[in-house]
Every structure is written in C-alpha cells, then in structure tokens.
Amino acid sequence: ILNVEQSPQSLHVQEGDSTNFTCSFPSSNFYALHWYRWETAKSPEALFVMTLNGDEKKKGRISATLNTKEGYSYLYIKGSQPEDSATYLCALGSQGNLIFGKGTKLSVKP
Amino acid sequence: KAGVTQTPRYLIKTRGQQVTLSCSPISGHRSVSWYQQTPGQGLQFLFEYFSETQRNKGNFPGRFSGRQFSNSRSEMNVSTLELGDSALYLCASSLAPGLAGGRTDTQYFGPGTRLTVL
C-alpha cells in the first residue's frame, strides 16, 4: 500500500514569514506529484503537477521542488499572507488515481 | 468556464437508508473520480468513470457504487448507510482518464457533499 506523508500537520506563522512543508512518498515507480490548496468551505485548488526529478514550479509567492530519487517534495510560501491560510495537500499520481497525504494546515496571523 | 458542481451540498440520512450524490464535471471533461474524506483521514479514492465505464476502483465495500451518463455527469450511490459513512464526498473531473501507471493530469475538484448519517 502506497503511503504519502506530510509534515508538519499544522503550522502557525505571522504575516510576512516565509514557510515550507514537506511531502514524502515512495520513490519507486514514480509518475507524478500533485499539490493542492484547500481553503475551508471551498473546493481543493490545483497548484502544481510535477513529474520530473529536479522539477521546480512557481505560482506567485508559492513554489515547489521535487526529488523523486529520495521521495520528497517541498512547498515554499514566501512572505505568507492571511489569505494563504488553508490546508495544503500533496498527492501521488499512481495507478490511475491520486493518493493523498493528510495535509498541512497553515494559519497565517495578521 | 463553470467549475465542477456537486449536489446536494449537505445531506442527513439515517442508518440503513441509501443515498445518491450527483456530480457535474467541467464542460468537455470526460473523466470523473470520487473521493471520501473522513475526520483524521486524507482523501480516499472511491472510483473513476470515463466514457460511462468504471476504470478504477478503490478499496471500498460493494455498498458504494457509481455510474456515469453520456453527458459525463456522474452519480454515486451508497446503500445501507452506516454511521461510518458520514464524510465529505468530493468529485473531481479531468479531460482524460487516469493511466494504469500513474495520474499525471490535473484533476479539478468540486466543493463536495457533506453526508451525515444518524
């Protein structure tokens, strides 16, 4: 059974702080790693899909890196804003569906 | 372009009843996947439909079933509801089906249906 782990479970930062979280996954038979942002009472929003070792993707103040050989991905948020408060999910694209981690809940205090 | 819509948004049922949830994908998307989220758990894959055929199935009992119509709209059904079926049910659509090897396309999620079983 494939397992996707995310750490930390939750994070509280001040507005303006930069932060990062980790997604760990089995490195064998890798196909894709997905990142989503999920705000309360909204739909999960796709951030990135990464497929190649060493991939780096950026969207505004959010960026992500991928290391498929060691089985991890980092998500970085530069200069956190209160509107960044959400749960960030990573998911392994495997066997035709997504296998999700339990997420990192980020709270940004003004 | 309209996003993925799910109806109803909230539902309360009692044990033993059955329930049907509906999902309308983004226009042009033909793949619809269903996921369940229970407290403390990540999103768990239920099944995927493409061109009215179930392509992939997660590890859920046979009480959970689904179907897809020719317009790509999908329904999932849960029969003989149990307390543990209380969860948020999300559907996601994409252009293409998941490959047997891995899912590399972006899936777009709806807001979910919150099911409470009493």
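The figures here come from the full heavy-atom set of this structure, side chains too, leaving out hydrogens, waters and symmetry mates. Remember, it's a predicted structure, so these values are computed and weren't measured experimentally. Just so we're on the same page: letters track the sequence lines, and every chain starts at 1.
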> Let me check something: do B:L46 and B:L11 share a hydrophobic cluster, defined by ILVMFWY side-chain heavy atoms less than 4.5 Å apart, either directly or through other members?
yes
> I'd like to know which of B:S33, B:A92, B:G40 tops the heavy-atom pair count under 4.5 Å against chain A.
B:G40
> Do any N or O atoms from the side chain of A:H34 and from the backbone of B:R103 form a donor-acceptor pair under 3.5 angstrom?
yes
> With chain B as the partner chain, list the residues of residues 102-110 of chain A whose heavy atoms fall under 4.5 Å from it, by residue number, and write 'none' if nothing qualifies.
A:K102
> Need one label for A:A91: side chain, backbone, both or neither, based on atoms under 4.5 Å from any heavy atom in chain B.
neither
> Spell out, yes or no, whether A:L66 and A:Y74 are grouped together once hydrophobic residues are joined by side-chain heavy atoms under 4.5 Å, including indirect joins.
no
> Non-hydrogen atoms of chain B under 4.5 Å away: do they reach the side chain of A:L89, the backbone, both or neither?
side chain
> When hydrophobic residues are tied together by side-chain contacts of less than 4.5 Å, even through go-betweens, does B:F60 share a cluster with B:L88?
no
> Kindly give the heavy-atom pair with the smallest separation between B:Q37 and A:W38, and that separation in Å.
OE1-CH2, 3.3 Å
> Tell me the closest heavy-atom pair linking B:P111 and A:S43, and the distance in Å.
N-OG, 3.1 Å
> Could you check whether A:F100 and B:F45 have their ring centres less than 6.0 Å apart?
no
> B:T106 and A:V49: which non-hydrogen atoms are nearest, and at how many Å?
OG1-CG2, 3.3 Å
> Between B:F47 and A:L92, is there a shared hydrophobic cluster once you connect ILVMFWY residues whose side-chain heavy atoms come closer than 4.5 Å?
no
> What are the two closest non-hydrogen atoms of A:P44 and B:F109, and how far apart are they?
CD-CB, 3.6 Å
> Is it the case that over 12 heavy atoms from other parts of the model lie below 6.0 angstrom from the CD atom of A:Q9?
no
> Relative to chain B, which segment of A:F30 carries a heavy atom at a distance below 4.5 Å: side chain, backbone, both, or neither?
neither
> Keeping B:Y35 on the side-chain end and A:L98 on the backbone end, is there a donor-acceptor pair under 3.5 Å?
yes
> B:R114 versus chain A, heavy atoms under 4.5 Å apart: side chain, backbone, both or neither?
neither
> In terms of hydrophobic clustering (I, L, V, M, F, W, Y; side-chain heavy atoms under 4.5 Å; direct or indirect links), are B:V32 and B:I26 co-clustered?
no
> Would you find more than 12 non-hydrogen atoms of other residues, nucleotides or ligands less than 6.0 Å from B:R63 atom CZ?
yes
